[in-house]
Peer 1: 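First the structure, then my questions, so here it is.
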Amino acid sequence: MEHQKVRVRFAPSPTGGLHLGGVRTVLFNYLFARKHKGDFVLRIEDTDQTRYVEGAEEYILECLRWCGLNADEGPHVGGPYAPYRQSERKELYRQYAEQLVKDGYAYYAFDTPEELDEMRTRLKTEENPSPQYNHIVRAHMRNSLRLLPEETAALLATGTPHVIRIKMPANEEISFTDMIRGDVQFNTGTVDDKVLLKADGMPTYHLAVVVDDYLMKISHAFRGEEWLPSAPVHIMLWRYLGWQNHMPQWAHLPLILRPDGNGKLSKRDGDRLGFPVYAMNWKDPRTGDFTKGFREMGYLPEAFVNMLAMLGWNDGTEQELFTIEELIEKFSMERVHHAGAKFNIEKANWFNHQYIVKADNQRLAQLFMPVLKEKGVQASEEYVATIVGMVKERCNLVNEIWDHGFFFFQQPENYDLSPVKPKWNADKRQFFLDWASVLETLSDFSLHSVEESFKQLATSMNIKVGELQLPFRIMLCGGKFGPPVFNIAETLGKHETIARIMKALTLLDA
RNA sequence: GCCGCGUUGGUCAAGGGGUUAAGACGCAUCCCUUUCACGGAUGAAUCACGGGUUCGAUUCCCGUACGCGGUACCA
C-alpha cells in the first residue's frame, strides 16, 4: 500500500460546462500526480442517464487540453484500465452489489418512488425535515430485510424493479484521515442506507466510485468538500468489499465560494456579477443557454491555472506567480487551506495581466486575431504584434487590446474634444497646419524625427510642447488614452497621421 | 432538525503560546509620465464571541454564534 504507485483521477459527470472549481480539482490532481511521478486518470461518471448532456465530455477534454492538464488515461486515450466511462462498465458493478447482499452488507429494496415519497412525507416533522431511509426506517419498508426470503425471491423472480441499498450499521464510530483536515469522525447511525445499484441497473456514485477506484488502483482520491458527508458510506463499502487495505488516501478540497455573500460559486453568480465561471464557452444543447468562458473572455491558460492554484493553496512564501513546473515541484496537499475561498475576479485579472505583460507579442497577436476579425478589421499578424507590444501593459485581458488600441486599426469615430476645446486657439491651429506640411517633407518618419520636428516647430512658434501633445493625442486616438503619442504617429505612418490631423482640425473648427 | 466542515483586514492569505500579526489584490494619497497604464512611496483596514489552561493567548482546550456542505434510484 505505502509503496504503491501514485494514481489519481478526476471523475466528472458530463452534465454541462466545466466549473472553475472543477478545473482546480483537475489541477490539484495533476500537480500531485506529476510531483509523485504518478498517473493521472480521467474517468467519466455518466451513471445518471437522465442528466447526460451531449458534448459535455468533449468539452471537458478540451478544457483540460486548453489548460495543459491532460490526463494520462481516459476515454480519449484509453489505458490499461479501460473502459473509462462508467456507462460502459455498467455490467461490472452488479456483481459487487450482489456480493454485498450475499454477505449481508446490503439488501434489495422494492419500494417504489411513490412509496419512498409517502414515507418521507409521513415521517417529516419540523424536527426532522428530511427523513432518511436508515436503520430504523428500513424495518418498515419493502425490502429483503423485512420480507420473508420466499417473498423476496418471488419479487425477484417476477422482475420487480428494485434497487440495492447498503445496510449501514446502527451505531458505529468510524474515522479516516483526510490529507487536508486530519482526522474526521462519523457515526454510521447518522447516515442512511444509500442506494448502491439503481433500478435501471446502473450503479450510483457511491458504488461506482469505490469499485472503480479499487479496480483502477487509485492511490489518492481528491474531491470537493461536498463529498465529506458521504465518506462514511464509502469507507463501509471499502470494508464490506474486503478492500480495506487498498483504500486510497482522501483529500476533500475546500469549496470555491461566491464573491458576495456565501455559498458555492455557481454559473448563475457569474452571469449575475458579470464574470466567467466556466473554463470555456458553453452552450447547453438542451436549453440553448450560453455561458461565457475564461478562454473566450481573454484569459491566458497559464494565468488561469496559476490563479486557481492560489485559490486555497500557497507554498508558505510570498511567491504568487508560479510556472507549472514550479507548482509541480512545490505543491503539497497538506498546505491546502481548510476553509472555502471566495472567488475574486479582480485578483484573477491581476494574474492575467501579469502573464499578458510577460507573453510573447506574436502569440498575443494570434490570440487577438479572432477579436479583430469580429470587428471586421483586416491586419497582418506582424502589425498586430507591434500594436500588442505597445498596449499590452494596460490590458488585463487579451480582448482588451481592442479597447486600448482600436485607433491603430481605424480612425476614431468619436472624439473627446473637451480637454482641448477650452484652450484651443488660432496659434495652436496654425501650429498643426504648419506641422502637417513639415511632416509631409519628412523622409524619415521615425519616432525621433517626428518628435524632433514637433518640438522644434513648437519652440519656434513659442508654444509649450506640453500644450500641444494632448491635442495631438486626441487627433490620433480620439481621447485621452493610448501609448506615447509619437509612437502612435510612427506606427500609423505619415499619410494616416497627417490625415487624422486634418480631419480633427475641421472638427475643432466646427 | 440532524450530521460534518469551517471562521486572521473588503478579498486571497502567512504565522502559530511572547511578533510593530507578513505579503498580494482592491482602495486612497503622493511621485514618475503634460493621456492612460507600468513602476515607486505612503496610508486606511484583520485574529467572530465567551469561558478556561498559562506568567502570557490570535495561536492550545471547551462552549456559543455565524457561515457553508450534506441529508435523492444527482454527481
Side-chain angles (χ1 to χ4, degrees), chain A residues 11-15 45-48 50-51 86 109 111-113 116-117 120 124-134 161-165 178 180-181 184-187 189-192 194-206 208-209 223-232 252 254-255 257 259-264 307 310-321 335 337-351 353 357 391-396 404 416 419 464-470 472-474 477 479-485 488:
Chain A
S13 67
T15 52
E45 308 225 337
D46 55 350
T47 54
D48 186 350
T50 64
R51 293 211 307 161
Q86 289 182 332
D111 316 281
T112 63
L116 289 173
D117 257 13
R120 292 202 172 98
K124 188 170 171 176
T125 61
E126 208 150 296
E127 291 295 278
N128 182 13
S130 1
Q132 297 187 312
Y133 199 119
N134 61 15
H162 63 277
V163 302
I164 292 178
R165 286 180 181 271
D178 186 280
I180 297 171
R181 290 150 218 281
V184 184
Q185 312 203 342
F186 302 89
N187 186 295
T190 64
V191 188
D192 63 348
K194 293 285 180 218
V195 170
L196 302 178
L197 200 73
K198 303 188 247 187
D200 66 359
M202 276 287 192
T204 59
Y205 171 81
H206 305 293
V209 75
R223 65 208 328 187
E225 193 186 343
E226 70 267 28
W227 288 108
L228 206 40
S230 49
H252 290 89
L255 266 17
L257 278 11
D260 61 338
N262 293 93
K264 274 202 282 192
M307 178 273 293
M310 300 310 289
L311 219 51
W313 175 86
N314 70 82
D315 76 339
T317 73
E318 288 178 12
Q319 187 174 351
E320 288 192 283
L321 266 13
R335 286 204 62 87
H337 210 247
H338 298 193
K342 288 185 182 176
F343 179 67
N344 183 194
I345 192 66
E346 301 285 345
K347 189 71 185 252
N349 289 340
W350 176 81
F351 274 107
H353 179 253
V357 171
V391 303
K392 68 178 179 181
E393 195 87 330
R394 54 212 92 200
C395 297
N396 285 331
H404 292 104
D416 177 15
K464 280 196 195 129
V465 175
E467 298 259 311
L468 296 165
Q469 276 195 29
L470 190 56
F472 184 39
R473 165 175 301 284
I474 288 168
C477 312
K480 290 171 68 171
F481 41 73
V485 69
I488 301 175

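Each chain gets a letter, A, B and so on, in the order the sequences are listed, and its residues count up from 1.
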Peer 1: Is A:T317 near enough to B:G23 that one of its side-chain N or O atoms lies under 4.0 angstrom from OP1 or OP2?
Peer 2: no

Peer 1: Would you please confirm or rule out a distance under 4.0 Å between OP1 or OP2 of B:A14 and any side-chain N or O of A:H337?
Peer 2: yes

Peer 1: When you measure from the side-chain N and O atoms of A:R51 to the phosphate of B:A72, is any distance below 4.0 Å, counting only OP1 and OP2?
Peer 2: no

Peer 1: Using the P atom on both, measure B:G1 against B:U59 and round to a whole Å.
Peer 2: 28 Å

Peer 1: Figure out the CG/P separation between A:N396 and B:G26, and round it to whole Å.
Peer 2: 8 Å

Peer 1: Which is true for A:S130 with a 4.0 Å heavy-atom rule: it touches a base, it touches only sugar-phosphate, or it touches nothing?
Peer 2: base

Peer 1: With the side chain counted from C-beta on, respond yes when A:S13 and A:D48 share a heavy-atom pair under 4.5 Å apart, and no when they do not.
Peer 2: no

Peer 1: Looking only at N and O atoms, is any donor in the side chain of A:K194 or the base of B:A72 less than 3.5 Å from an acceptor on the other one?
Peer 2: no

Peer 1: Whole angstrom is fine here: how far is it from CG in A:D111 over to P in B:A72?
Peer 2: 14 Å

Peer 1: Distance check, P atoms only: B:C55 and B:G50, in whole angstrom units.
Peer 2: 22 Å

Peer 1: Counting any heavy atom closer than 4.0 Å, what does A:G479 reach on the DNA or RNA strands: base, sugar-phosphate only, or nothing?
Peer 2: nothing

Peer 1: Give the nucleotide from the list B:A75, B:G69, B:C73 with an atom nearest to the side chain of A:L255.
Peer 2: B:G69

Peer 1: Which is more 5' along RNA chain B, the nucleotide nearest A:N128 or the one nearest A:G263? Just name the residue.
Peer 2: A:N128

Peer 1: Looking only at side-chain atoms of A:A341, point me to the closest of B:U35, B:A24, B:A13.
Peer 2: B:A13

Peer 1: Between A:E346 and A:T47, which has a closest nucleotide on RNA chain B that is more 5'?
Peer 2: A:E346

Peer 1: How long is the line joining NE2 of A:H162 and P of B:C73, in whole Å?
Peer 2: 15 Å

Peer 1: Where does the angle between the aromatic ring planes of A:W227 and A:H206 fall among parallel (under 30°), tilted (30 to 60°) and perpendicular (over 60°)?
Peer 2: perpendicular

Peer 1: Does a side-chain N or O of A:R181 approach OP1 or OP2 of B:G69 to a distance below 4.0 Å, or not?
Peer 2: no

Peer 1: Can you tell me which nucleotide in B:U7, B:A75, B:C73 comes closest to the side chain of A:E45?
Peer 2: B:A75

Peer 1: Considering only side-chain heavy atoms of A:P484, which listed nucleotide, B:G4, B:U35, B:C25, is closest?
Peer 2: B:U35

Peer 1: Side chain of A:S13, heavy atoms from C-beta onward: which of B:C73, B:G23, B:A75 has the nearest atom to it?
Peer 2: B:A75

Peer 1: Check the distance between B:G67's P and A:E226's CD and give it to me in whole angstrom.
Peer 2: 20 Å

Peer 1: For atom P, what is the distance between B:U53 and B:G26, given to the nearest Å?
Peer 2: 46 Å

Peer 1: Starting at CZ of A:R394 and ending at C1' of B:U35, how long is that distance when rounded to a whole Å?
Peer 2: 9 Å

Peer 1: Considering just the side-chain nitrogens and oxygens of A:K198, establish if one lies under 4.0 Å of OP1 or OP2 belonging to B:C74.
Peer 2: yes

Peer 1: Regarding A:A199, tell me which of base, sugar-phosphate or nothing describes its non-hydrogen contacts under 4.0 Å with the strands shown.
Peer 2: base

Peer 1: Please list, for nucleotides 29-34 of chain B, all pairs of protein and nucleotide N/O atoms separated by less than 3.5 Å.
Peer 2:
| unit_1 | atom_1 | unit_2 | atom_2 | d |
| --- | --- | --- | --- | --- |
| B:U34 | O4 | A:G466 | N | 3.1 |

Peer 1: Base, sugar-phosphate, or nothing: which does A:V184 touch, judged by heavy atoms less than 4.0 Å apart?
Peer 2: sugar-phosphate

Peer 1: Dot-bracket, 5' to 3', for RNA chain B please: Watson-Crick or G-U pairs under 3.5 Å, [ ] where pairs cross earlier ones, | where the partner sits on another strand, dots elsewhere.
Peer 2: (((((((..(((.....[....))).(((((.......)))))....(((((..]....))))))))))))....

Peer 1: Consider the side chain of A:E225, meaning its heavy atoms from C-beta on, and name the nucleotide among B:A75, B:A24, B:C5 that approaches it most closely.
Peer 2: B:C5

Peer 1: Calculate the interatomic distance between A:Q185 atom CD and B:G4 atom P; express it in whole Å.
Peer 2: 9 Å

Peer 1: Could you give the CE-to-C1' distance, from A:M307 to B:U11, as a whole number of Å?
Peer 2: 13 Å

Peer 1: What distance, rounded to whole Å, do you find between the two P atoms, one in B:U8 and one in B:C68?
Peer 2: 15 Å

Peer 1: Please give, in whole Å, the distance from B:G9 P to A:N344 CG?
Peer 2: 14 Å

Peer 1: Would you please confirm or rule out a distance under 4.0 Å between OP1 or OP2 of B:G6 and any side-chain N or O of A:K342?
Peer 2: no

Peer 1: Reckon A:L257 touches a base, only the sugar-phosphate, or nothing at all at heavy-atom distances under 4.0 Å?
Peer 2: nothing

Peer 1: Base, sugar-phosphate alone, or nothing: which one does A:R120 contact when heavy atoms must sit under 4.0 Å apart?
Peer 2: sugar-phosphate

Peer 1: Once you apply a heavy-atom cut-off of 4.0 Å, does A:S230 come out as touching a base, just sugar-phosphate, or nothing?
Peer 2: nothing

Peer 1: For B:G70, does OP1 or OP2 lie under 4.0 Å from any side-chain N or O of A:K264?
Peer 2: yes

Peer 1: Would you mind classifying the nucleic acid contact of A:P483 as base, sugar-phosphate or nothing, using non-hydrogen atoms under 4.0 angstrom?
Peer 2: base

